[in-house]
Amino acid sequence: MVAMKNNMKRYFAIVDCNNFYASCERVFNPKLEGKPLVVLSNNDGCVVAASAEAKALGLTLGTPAFKNEELFTRNNVHIFSSNYTLYGDLSARVMETLRQFSPDVEVYSIDEAFLELTGMEHIDLQKLGRRIKKTVQKWTGIPVSVGIAPTKTLAKVANRASKKNTEFDGVCILDNDEEIKRVLEKVEVDDIWGVGWQYAKMLKRNSIYNAYQLRSVHHDWAQKKMTIMGLNMVRELQGIPCFKIEEAPPPKKAIVCSRSFGRPVEDLGELKEALASYVTRAGEKLRSQNSVASMIQVFMGTNHFKDEPQYSNHTIFELPVPTAYTPDLIHFALQNIERIYRKGYRYKKVGVMLAGIYRDSEHQLHLFEKQKYDKKQKELMRRIDEMNVRMGKDTISYGASGIKRPWKMRRQKLSPSYTTDWLQIPPVK
DNA sequence: TCTGGGGTCCTAGGACCC
DNA sequence: TCTGGGGTCCTAGGACCC
């Protein structure tokens, strides 16, 4: 049985949503079809997604919105603040659809998933890829690109090619040596999964410009220059699988929650409110993976893009007992921000990191330790989390987070939460 | 006026132990 | 006098991902 499985032809597919956030905004607003559209980051700061029409105007992702203002007005670009509630929900629908095609799905990011495809000897992969693309489009309204190959890295390369090269029309299969050579030669090293800015520079210095050239380097050289990750990357390009499908993501080892403010904040009271609300969010994430944290890190800083007095600092604090009880987390976080706060600065950002994370069940209580994170507290947290999921975020929140929240981020162009809020469901005429 | 947020892995080097 | 050397743990920094 095992031997048989090893002999079976195995492939990896990666399905990647095209311009995901921009596509989400269009699903419930079809008038935007064919129009240039962008989505901004938190605080309406940077452009983080753009429709094909907007990209065609020469706009680059990651640039600050204010630098593109003129281009936006001149071309009548539709602008949206990011609406993660909407994107998260549509993402879940896409992933659910993909489970039709394989039992082994790894949700790799909000807009991408790997699928393991086994027993594909007699399957027309091109047809399968087309079917995946068509089904997701039909069931969710989201356009996707599909890459299929013998390794994850090659699948990523195929996916890249399927988007960049119109001949593929959104589906690219890498199944034989000639095809692999032909496609890899056209992929620049910068575009390979695992090659970032620094490695790309180094590779070019060594006259390696495309994926096919990288595929041919010596293993020792790859490892020396790019650590074990580089070696694995080269092997994967050669068709030797080094990375598996990770179906259940391991629990997070650190949970961070931080935001830039909508305007500078000087007052300690306001900073504390903001911090309390981020700690609340972090606590929810912590409990959703059934973990407790034993350390809290608090950090804050001014806006280093500005020509004004700068200050930033952080503090790490060990909790008396590992816990996921939000009131305690807030208590210690607030205590610590007081230690690093300095009066007279215009703060841009504050945040919290929970670390030293274990599964709740793994934490062995010392015989005489006073059990602080107890049943009652857990039950209370469970009920509050449940209510907030069912009735909407912050149905129940903590007094320390404030009511008015003058520091909260700007989201002036927010679209409705069409799919997750009863009051915002679009009417049918 | 206005420049995102949240993660992972690997390695080198220091501290410490025997 | 000789200033070893292997193992482990931790941290900081650098690379990467979306």
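Residue numbering restarts at 1 for every chain, and letters A, B, ... go by the order of the sequence lines.
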Legend entry - Stems formed with participation of DNA chain B [Watson-Crick or G-U wobble, under 3.5 Å, three or more pairs]: B:5-18 with C:5-18
Legend entry - E70(A), CD: over 12 other non-hydrogen atoms inside 6.0 angstrom: no
Inset, instruction - To the nearest 0.5 Å, tell me how far I330(A) CD1 sits from Y325(A) OH. - result: 10.0 Å
Inset, instruction - For N303(A) and dT3(B), give me the distance from atom CG to atom P, rounded to whole Å. - result: 6 Å
Inset, instruction - Would you indicate what L40(A) reaches in the nucleic acid, counting non-hydrogen atoms under 4.0 angstrom: base, sugar-phosphate, or nothing? - result: nothing
Legend entry - side-chain N/O R281(A) vs dG6(B) OP1/OP2, d < 4.0 Å: no
Legend entry - K348(A) side chain near dC2(B) phosphate (N/O to OP1/OP2, under 4.0 Å): no
Inset, instruction - Using distance alone, with no hydrogens and no angle criterion, decide if R287(A) and T326(A) have a side-chain donor and acceptor under 3.5 Å apart. - result: yes
Inset, instruction - Determine the Euclidean distance between corresponding C1' atoms of dT3(B) and dA15(C); express it in Å to zero decimal places. - result: 23 Å
Legend entry - Between P of dG4(B) and OH of Y87(A), the distance in whole Å: 17 Å
Inset, instruction - Measure the acute angle between the ring planes of F317(A) and F332(A), then classify it against the limits of 30° and 60° as parallel, tilted or perpendicular. - result: parallel
Inset, instruction - Could you check whether K201(A) gets within reach of a base, just the sugar-phosphate, or nothing at all, counting any heavy atom under 4.0 Å? - result: nothing
Inset, instruction - Grab the CD1-P distance between I316(A) and dT11(C) for me, whole Å please. - result: 8 Å
Inset, instruction - Quickly work out the D44(A) CG to dG5(B) C1' distance and round it to whole Å. - result: 15 Å
Legend entry - Nucleotide of dC9(B), dT11(B), dG6(B) approaching C257(A) most closely (side-chain heavy atoms): dG6(B)
Inset, instruction - Select base, sugar-phosphate, or nothing to describe what R259(A) touches, counting heavy atoms under 4.0 Å on all strands. - result: sugar-phosphate
Legend entry - Nearest-angstrom distance from the residue atom CD1 of I79(A) to P of dC2(B): 17 Å
Legend entry - Backbone of E236(A) reached by a side-chain donor or acceptor of T151(A) within 3.5 Å: yes
Legend entry - Check: Y87(A) main-chain N/O paired with S91(A) side-chain donor or acceptor under 3.5 Å: no
Inset, instruction - For the residue pair W193(A) and F243(A), categorise the inter-ring angle as parallel (less than 30°), tilted (30 to 60°) or perpendicular (more than 60°). - result: perpendicular
Inset, instruction - Any chance you could list the contact pattern along nucleotides 12-18 of chain C? Use B for base contacts, S for sugar-phosphate-only contacts and - for none, protein heavy atoms under 4.0 Å, 5' to 3'. - result: ---SSSS
Legend entry - Among dC10(B), dG5(B), dG7(B), the nucleotide that comes nearest once only the side chain of V256(A) is considered: dG7(B)
Inset, instruction - Would you mind telling me which residue lines up with the more 5' stretch of DNA chain B, P251(A) or K67(A), judged by nearest nucleotide? - result: K67(A)
Inset, instruction - Take the protein atom CZ of R410(A) and the nucleotide atom P of dG5(B), then report the distance between them rounded to whole Å. - result: 11 Å
Legend entry - L86(A) side chain near F80(A) side chain, heavy-atom distance below 4.5 Å: no
Inset, instruction - Please say whether more than 12 non-hydrogen atoms of neighbouring residues, nucleotides or ligands are located less than 6.0 Å from NZ in K285(A). - result: yes
Inset, instruction - Considering just the side-chain nitrogens and oxygens of S41(A), establish if one lies under 4.0 Å of OP1 or OP2 belonging to dT3(B). - result: no
Legend entry - Euclidean distance, atom CG of residue L231(A) to atom P of dT11(B) [Å, nearest integer]: 10 Å
Inset, instruction - Check every strand shown and say whether K252(A) touches a base, only sugar-phosphate, or nothing at a heavy-atom separation below 4.0 Å. - result: sugar-phosphate
Inset, instruction - Examine distances only and state if a side-chain atom of S102(A) and a backbone atom of E116(A) form a donor-acceptor pair shorter than 3.5 Å. - result: yes
Inset, instruction - Ignoring hydrogens and angles, tell me if any N or O in the side chain of T140(A) forms a donor-acceptor pair with the backbone of V94(A) under 3.5 Å. - result: no
Inset, instruction - Quick one: label K306(A) by what it contacts on the DNA or RNA (base, sugar-phosphate, nothing), any heavy atom closer than 4.0 Å. - result: sugar-phosphate
Legend entry - Phosphate-side-chain proximity, N43(A) and dC2(B), N/O vs OP1/OP2 below 4.0 Å: no
Legend entry - Closest-nucleotide 5' rank along DNA chain B - winner of N42(A) and I228(A): N42(A)
Legend entry - Atom-to-atom span, CE of M353(A) to P of dG5(B) - whole angstrom: 16 Å
Inset, instruction - Between dG5(B), dC9(B), dG7(B), spot the one nearest the side chain of K253(A), thanks. - result: dC9(B)
